[in-house]
There are 4 protein chains.
Amino acid sequence: MYWVEALRRDKEEVRERIIKAAMRVFSTMGYFQAPASLIAKEASVSKGLLFWYFRSKDELILEVAKRSLPIDILKKCLKDGREGADLLYCIGRGYLEKYQDIIHRNLILHTLSIRTLYPQVEENLRDMCEDYTRRVAVRAFGDDSPISRVKIRTFFGSLLCYTLRPPKDIPVDDYLDMLIKVLMK
Amino acid sequence: MYWVEALRRDKEEVRERIIKAAMRVFSTMGYFQAPASLIAKEASVSKGLLFWYFRSKDELILEVAKRSLPIDILKKCLKDGREGADLLYCIGRGYLEKYQDIIHRNLILHTLSIRTLYPQVEENLRDMCEDYTRRVAVRAFGDDSPISRVKIRTFFGSLLCYTLRPPKDIPVDDYLDMLIKVLMK
Amino acid sequence: MYWVEALRRDKEEVRERIIKAAMRVFSTMGYFQAPASLIAKEASVSKGLLFWYFRSKDELILEVAKRSLPIDILKKCLKDGREGADLLYCIGRGYLEKYQDIIHRNLILHTLSIRTLYPQVEENLRDMCEDYTRRVAVRAFGDDSPISRVKIRTFFGSLLCYTLRPPKDIPVDDYLDMLIKVLMK
Amino acid sequence: MYWVEALRRDKEEVRERIIKAAMRVFSTMGYFQAPASLIAKEASVSKGLLFWYFRSKDELILEVAKRSLPIDILKKCLKDGREGADLLYCIGRGYLEKYQDIIHRNLILHTLSIRTLYPQVEENLRDMCEDYTRRVAVRAFGDDSPISRVKIRTFFGSLLCYTLRPPKDIPVDDYLDMLIKVLMK
DNA sequence: CATGAATGAGCCTTCATTCAT
DNA sequence: AATGAATGAAGGCTCATTCAT
């Protein structure tokens, strides 16, 4: 039945609209300063509907928090089968591009900040910092020895630090070049 | 007059007790989830008194936020006149020691998260990421060329990333050794 | 036409199912604590359909409230043409049987509690406490003198009090025996 | 210190004012239909203050529910050392007087209605219907045999039934006379 | 300085009811 | 008839802040 599909698409569309609105609002106000009512208004739905799609504000926070992390980028670059510097470039570019957007740039910090309050966020982070770090290390440097993992962490940390406050006289691409050169030496 | 001094010390002592209590409470609950009343109770003072020492919760937040950043460490290591790897070691050790404490570890992320809401926090951060970065670069590598600054940022980012989630099988000292080795190559 | 009958039976069946579900839910949660959505779920119909059968929640409340009173029992025993102690036994047995069911036991109190809010409930109660009391008095004691009516009220009150909290060491039948003996003396 | 006493009296006075207001509002609207804000307004205090004196609406409900039962009357008449018909008269008069007030008359039914939702109310009721019933039986009839307890329950039930809907042509005192005569025969 | 009662704005959430499909 | 998405009005409760004492 066509219309069933249409309805499902509709529902997904509304849900997505709410999430996008939440990302904008959370980004500027923070997860706890942003009232659900404002998100609803930003998404052009009633407050009641927001709670139809998300049982609680926390559920919405979790959804946004998940999207705010760079896990998607790690996943993609690893799936593409990249190796060595190529892998780092893939990740670095993806990362810098994602967090060029001020919305994501703010969100990731809010998310890091609430990690101790939301076990699920903590777990996502654990995944990223341990599992993925290890896999990236293996693919980038051939092993997951401490030194390799230190480098990967350093890589991530540097990217985070860049997006947190991009130095105006160092273009994105240059930064990435230099960073990877330092780490691959 | 002695008693004036004593009173001032008293006042300072209470003020300090409130700040310390606030750090504990903010650390676990976040700046906006933590009610002022809880901080007062934690500091064993009345809610009214808290607002006597700090005109508003925001004022208290700002005080705590300031202390949560590693500026004090940068300042100290720079004042000590250290150079090269020695400077990095000084900073690294100070940093890792400060953020060994879970209270500071949580607080710094909360602080980064609210930077867009509090111009003063933003400014502190700007200071750290631009001014101090540059000065550290000069003292560590002899110049503040882009590559040097990239390294310093990378250094800070790596430390942040370490404290955010210390890998259990890499001791603090080893981590710092490896990190500095990578950067000084 | 058969199918018309079938449909009507269907409609009646659904309506009845909703009422029964409402009785269960109202019984445990009370009229105002019980959300219409829960009743719908309990009746395995959609929320929308519930409001198709009952224009408002109040309408449903009224229907349930009516059934929760022992009017049906009074009616039946009076119609059967019983008299004297026989009438009281008929009512007493019917009453105790109906309110053996915890659902009705709870409901009747909820109903008494909302009598001032719903004129219709108030009226049902008036009927029961005045009209029926009088008729039962006449049939049980031969007149509706004050003393007779006091006895009938006392009879009803005692039954209510029994069901409200049945003493575990006094069986239903014994209780009724003793009660009627006291009143008929 | 005088003013400490004064303050305590003040606090008690406000608390009492809130409870009294709650009794009025709960009485006419029911426990769950009555918004806390209305109670606050009725008590001439802010909504916030209501929740300063009572941690939650439920706490207030419990306080009111407790006062709505006739336990105080039973206690008093028992303590006075009354016996036989005299005890029943004491209880009956106290009861009828208390529930002459429409506020209490409504409240007791609301309270009975929520007994399954609030364990504490249930317990109060258990006390009244079992413990006290037994003690009254012993003092009124010399023993707590089933027949004596049935009479006491019948006594209470009749009083409840009277207040629930006082017959206009039977004065309070006459009703009580007749009731006690029936039971003491 | 110190207390804690008092205020009121605002937030999350629930829920009766409507309506497009 | 039937569904469930959509709405909006409350409601309970929290909390920063003030103020009388």
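Here the structure is a predicted model, which means the values were calculated and not measured.
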> For C/L38 and F/dG4, give me the distance from atom CG to atom P, rounded to whole Å.
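Rounding to the nearest Å, CG of C/L38 and P of F/dG4 are 16 Å apart.
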
> Measuring from B/L62:CG to B/N124:CG, what's the distance to the nearest 0.5 Å?
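So the CG of B/L62 and the CG of B/N124 are separated by 8.5 Å.
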
> With nearest nucleotides of DNA chain F determined for C/G48 and B/Y31 from heavy-atom distances, which residue corresponds to the more 5′ nucleotide?
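Closest to the 5' end, via its nearest nucleotide, is C/G48.
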
> Please give, in whole Å, the distance from F/dA1 P to C/E13 CD?
13 Å

> Let me know the distance between CZ of B/F51 and P of E/dT7, rounded to the nearest Å.
18 Å

> Can you tell me how far C1' of E/dC12 sits from CD of A/E59, to the nearest Å?
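The answer, rounded to whole Å, is 14 Å.
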
> List the atom of C/A34, the atom of C/K57, and the distance in Å for their closest heavy-atom pair.
O-NZ, 2.8 Å

> Can you identify which nucleotide, out of E/dT7, F/dA16, E/dA2, has its nearest atom closest to the B/L49 side chain?
E/dA2

> Looking at the side chain of D/V14, which of E/dA2, E/dA6, F/dT7 is the nearest nucleotide?
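For the D/V14 side chain, the nearest candidate turns out to be E/dA6.
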
> Does this structure show an ion pair linking C/R67 with C/E63, if we count only N-O contacts that are shorter than 4.0 Å?
yes

> State whether the number of non-hydrogen atoms from other residues, nucleotides or ligands found under 6.0 Å of A/Q120 atom CD is greater than 12.
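Not buried by this count: 12 neighbours or fewer within 6.0 Å.
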
> Is any side-chain N or O of B/K57 under 3.5 Å from a base N or O of F/dT17, one able to act as donor and the other as acceptor?
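No, the side chain and the base share no sub-3.5 Å donor-acceptor pair.
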
> Can you give me the closest heavy-atom contact between D/R15 and D/F54, atom names plus distance?
NH1-CE2, 3.5 Å

> Between C/K47 and E/dT17, does any side-chain N or O lie under 4.0 Å from OP1 or OP2?
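For E/dT17, neither OP1 nor OP2 has a side-chain N or O of C/K47 closer than 4.0 Å.
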
> With a non-hydrogen cut-off below 4.0 angstrom, is B/A34 in contact with a base, only sugar-phosphate, or nothing?
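It contacts sugar-phosphate atoms only.
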
> I want to verify a distance call: between E/dC12, F/dA1, F/dT7, whose nearest atom is closest to the A/V45 side chain?
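That would be F/dT7.
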
> Within this structure, what is the CD1-to-C1' distance between C/I61 and E/dA16, rounded to whole angstrom?
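Those two atoms, CD1 and C1', are 11 Å apart.
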
> Which sits closer to the 5' end of DNA chain E, B/S46 or C/Q33, going by the nucleotide each is nearest to?
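Taking each residue's closest nucleotide, the earlier one in sequence belongs to B/S46.
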
> According to a 3.5 Å limit on both distances, what stems of 3 or more consecutive Watson-Crick or G-U pairs are formed with DNA chain F?
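Stems found: E:2-21 with F:2-21.
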
> Any donor-acceptor pair under 3.5 Å linking the side-chain atoms of D/Y118 with those of D/T111?
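Result is no, nothing qualifies.
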
> Report the residues that fulfil side-chain hydrogen bond (donor to acceptor under 3.5 Å, both in side chains) with B/R17, sequence neighbours left out, ordered by chain and then residue number.
B/E13

> Can B/K20 and B/E16 be said to form a salt bridge (Lys or Arg N to Asp or Glu O under 4.0 Å), step by step?
CA-CA 6 Å; B/K20 289 280 160 52; B/E16 201 59 26; 3.5 Å; yes

> What is the distance from CD1 of B/I18 to P of F/dA16, rounded to the nearest Å?
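Taking atom P of F/dA16 as the reference, CD1 of B/I18 is at 14 Å.
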
> Quick check on DNA chain F: between B/A36 and D/P35, whose nearest nucleotide comes earlier from the 5' end?
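Here D/P35 is the residue nearer the 5' end.
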
> Examine F/dA2: is either OP1 or OP2 under 4.0 Å from a nitrogen or oxygen in the side chain of C/Y53? Give yes or no.
yes

> Quickly work out the D/D10 CG to E/dG4 P distance and round it to whole Å.
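Taking CG of D/D10 and P of E/dG4, I get 16 Å after rounding.
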
> From CG of A/L50 over to P of E/dT14, roughly how many Å is that when rounded to an integer?
12 Å

